[in-house]
Amino acid sequence: MVAPLTTGTSTGTSTGTSTATSIGTAATPAASSKSQIAGNFSDFLKLLMTQLKNQDPTAPLDTNQFTQQLVQFSGVEQQLNTNTSLTKLIALQEGGQVLQSSALIGKTVQVASDQIGLQGGSGAIQLQMPGGGTADIAVYGPAGAKLRDAQVTAAPGTSGWHWDGRDNNGRVLPDGAYTIAVTSSGAAVPFTVSGTATSMQRGASGLTVQVGGVSVPLTAVQSVM
């Protein structure tokens, strides 16, 4: 008589897990989970069919045990179908978010970012200094070199600073993303970056907004004008 299927199920689970782990390095979490379930489902079915073909006719598998195995088989199938439905639902939801967020394109937005985007030779930030005071602004290039520094006297509350896209030598810099830092008496000053939203993208980490050369998560958008 062939050994009960419950012993073989452990082997099938181990095989399915190993396969899913190797696939998961290149696939999304949803795809990896689906592959793992599908692998276990296939192994389970093969073991069940093999057991039925090779069981001793004079001592067939106990009815209760066979029923339990069929219940396990049905449960795995339902889990696979549920996982597929959830994947489709998530895809539809993300597609709807892209359509809704596309309304931002062409509008001026304020985003939380440590980069300022030059668009048409212009960039701007909004400083948050409840008590007012003097703020030091530094703009750095891609290689980390300081290109522009400025000092502004900020009124209590929110104040703005406009960058004309020039470095300390008066040279016009190309449009793109530049790192910016704002401090007052050596302490960081909170600020937001203003610019025109130019595109929306959906990636593995979610929706992102392109503000000139700066790309930020949709959750970084503070206001729309």
Side-chain angles (χ1 to χ4, degrees), residues 28-30 89-225:
T28 62
L89 181 61
I90 292 172
L92 289 172
Q93 185 177 16
E94 290 179 344
Q97 289 177 340
V98 171
L99 291 176
Q100 292 177 358
S101 302
S102 64
L104 294 176
I105 297 176
K107 294 185 177 180
T108 300
V109 296
Q110 290 186 357
V111 300
S113 175
D114 62 352
Q115 290 187 313
I116 182 172
L118 272 184
Q119 295 177 288
S122 179
I125 63 172
Q126 296 290 321
L127 290 71
Q128 308 295 330
M129 296 185 67
T134 301
D136 298 307
I137 301 172
V139 180
Y140 302 87
K146 183 185 290 187
L147 301 176
R148 177 73 180 267
D149 49 15
Q151 191 174 77
V152 298
T153 300
T158 301
S159 297
W161 178 72
H162 175 262
W163 183 27
D164 60 4
R166 299 176 181 271
D167 64 10
N168 287 331
N169 297 320
R171 181 182 58 179
V172 177
L173 299 173
D175 284 358
Y178 297 84
T179 301
I180 185 169
V182 183
T183 59
S184 179
S185 300
V189 175
F191 64 91
T192 57
V193 178
S194 301
T196 302
T198 52
S199 67
M200 300 290 302
Q201 295 181 352
R202 184 179 69 182
S205 57
L207 291 177
T208 58
V209 184
Q210 197 77 16
V211 184
V214 179
S215 181
V216 297
L218 181 60
T219 54
V221 177
Q222 303 294 306
S223 65
V224 181
M225 301 177 184

Side chain to side chain contact (heavy atoms under 4.5 Å, CB included) between Val224 and Leu104, intermediate numbers included: CA-CA 8 Å; Val224 181; Leu104 294 176; 3.4 Å; yes
Val189 and Gln128: CA distance, side-chain angles, deciding distance, side chain to side chain contact (heavy atoms under 4.5 Å, CB included) verdict: CA-CA 7 Å; Val189 175; Gln128 308 295 330; 5.7 Å; no
Worked check of side chain to side chain contact (heavy atoms under 4.5 Å, CB included) between Gln126 and Ser159: CA-CA 6 Å; Gln126 296 290 321; Ser159 297; over 6 Å; no
CA sep, side-chain torsions, deciding dist, call: Ile137, Thr183, side chain to side chain contact (heavy atoms under 4.5 Å, CB included): CA-CA 7 Å; Ile137 301 172; Thr183 59; over 6 Å; no
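For the atom pair CD (Gln201) and CG (Leu218), the distance works out to 12.5 Å, reported to the nearest 0.5 Å. Here the CZ atom belonging to Arg171 is positioned 12.5 Å from the CZ atom belonging to Arg148, to the nearest 0.5 angstrom. A distance of 6.0 Å separates CD1 in Ile125 from CD1 in Ile116, rounded to the nearest 0.5 Å. Separation of atoms OG (Ser223) and NZ (Lys107) is listed at 12.0 Å; rounding is to 0.5 Å.
Looking only at distances, no side-chain donor or acceptor of Arg166 sits under 3.5 Å from a matching main-chain atom of Leu173. With hydrogens and angles disregarded, a donor-acceptor distance shorter than 3.5 Å links the side chain of Asn168 to the backbone of Asp149. At least one donor-acceptor pair closer than 3.5 Å links the side chain of Ser184 to the backbone N or O of Thr134. Using a distance-only test at 3.5 Å, with no hydrogens or angles considered, a donor-acceptor pair links the side chain of Gln119 to the main chain of Thr196. Panel note: side chain Thr198, backbone Gln210; a donor-acceptor pair is recorded below 3.5 Å. Not one N or O on the side chain of Asp167 forms a donor-acceptor pair closer than 3.5 Å with the backbone of Leu147.
Considering only heavy atoms from C-beta on, Val211 comes within 4.5 Å of Val109 through its side chain. Between Met200 and Ile105 the shortest side-chain heavy-atom distance falls below 4.5 Å.
When all heavy atoms of Ala112 and Gln222 are compared, the pair lying nearest together is CB-NE2, 3.8 Å. Considering every non-hydrogen atom in both Pro174 and Leu118, the closest pair reads O-CD1, 3.6 Å. In terms of heavy atoms, Ala135 sits closest to Leu127 at CB-CD2, 3.6 Å. Gly213 approaches Ala177 most closely through the heavy-atom pair O-CB, 3.5 Å. Across all non-hydrogen atoms, the minimal contact from Gly141 to Tyr178 is CA-CD2, 4.1 Å.
Aromatic ring centroids of Phe191 and Trp161 lie 6.0 Å or more apart.
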